[in-house]
Amino acid sequence: MDLIAVEKESFDSFKKKLEQIASLAPKMPSTNTLFIEQEWIEGKELAASLNLSPRRLQHLRENGRLSFSTIGKKIYYQISEVKVLLEQSKINSK
């Protein structure tokens, strides 16, 4: 093993520059979290983003128009299925 001696001032300067570079890098979530977030959305977040009431989402679930999964008390929807529902409900203007 090689041992390299560096002056404390030079080391501190290098460390400071390295920290500055690291702070510029975007903070990336883990790949598993990123994949799940692209695939599923929590009910409250979906309702807020579509400006719907939680009751309206419940109505869509009960009528079988939107499938869902539950974990505990939270309800999750597949984003791809929400997009299909929105596309099917689209009204073309003249």
Side-chain angles (χ1 to χ4, degrees):
M1 178 168 78
D2 293 333
L3 181 62
I4 300 173
V6 178
E7 294 177 347
K8 181 174 178 6
E9 187 177 309
S10 297
F11 177 76
D12 289 340
S13 174
F14 175 74
K15 182 180 172 187
K16 185 176 181 179
K17 288 179 182 178
L18 191 58
E19 288 171 347
Q20 289 173 343
I21 292 169
S23 72
L24 296 175
K27 304 292 188 258
M28 295 296 291
S30 71
T31 55
N32 291 341
T33 303
L34 186 62
F35 178 73
I36 290 172
E37 288 176 355
Q38 289 176 347
E39 190 86 19
W40 296 86
I41 187 168
E42 200 262 325
K44 289 181 182 178
E45 187 179 348
L46 178 61
S49 66
L50 294 178
N51 198 24
L52 297 174
S53 69
R55 177 67 183 110
R56 181 66 183 149
L57 287 177
Q58 181 181 353
H59 179 74
L60 293 170
R61 290 193 313 266
E62 289 172 351
N63 288 339
R65 296 197 60 204
L66 195 55
S67 61
F68 62 99
S69 291
T70 59
I71 299 176
K73 293 183 178 183
K74 291 192 176 192
I75 300 171
Y76 296 91
Y77 302 89
Q78 279 191 312
I79 292 175
S80 59
E81 193 170 326
V82 172
K83 288 179 181 179
V84 168
L85 178 64
L86 288 171
E87 194 63 34
Q88 290 173 346
S89 302
K90 184 169 72 170
I91 300 170
N92 293 323
S93 62
K94 294 181 180 182

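These numbers come from the heavy atoms of this one structure, side chains and all, not from hydrogens, waters or symmetry mates. Because the structure is predicted, anything quoted here is derived from the model rather than measured.
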Taking only residues two or more places apart in sequence, or in another chain, which ones meet [X] in a side chain to side chain donor-acceptor pair (under 3.5 Å)?
| X | answer |
| --- | --- |
| Q58 | E62 |
| N51 | none |
| Y77 | R61 |
| Q88 | none |

I need the full list of side-chain hydrogen bond (donor to acceptor under 3.5 Å, both in side chains) pairs touching residues 9-18, with sequence neighbours left out, sorted by first then second residue.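 Qualifying pairs: K8-D12.
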Taking side-chain hydrogen bond (donor to acceptor under 3.5 Å, both in side chains) as the cut-off, I'd like each qualifying pair that reaches into residues 66-75, sequence neighbours left out, listed once.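 Matches after skipping sequence neighbours: S67-E81.
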So which heavy atom on L57 is nearest to which on A47, and how close? CD1-CB, 3.7 Å
Within-4.5 Å side-chain heavy-atom neighbours: I79 and W40: no
So do I75 and E42 actually touch side chain to side chain, heavy atoms under 4.5 Å?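 E42 vs I75: side chains apart.
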Drop me the distance from R56's CZ to L50's CG, to the nearest 0.5 angstrom.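 The distance works out to 11.0 Å.
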From CD (E45) to OH (Y76), nearest 0.5 Å: 10.0 Å
Tell me if a side-chain donor or acceptor on S49 pairs with a main-chain N or O of L46 at a distance below 3.5 Å. yes
If Ile, Leu, Val, Met, Phe, Trp and Tyr residues are connected whenever their side-chain heavy atoms lie under 4.5 Å apart, and connections chain through other members, are L60 and V84 in the same group? no
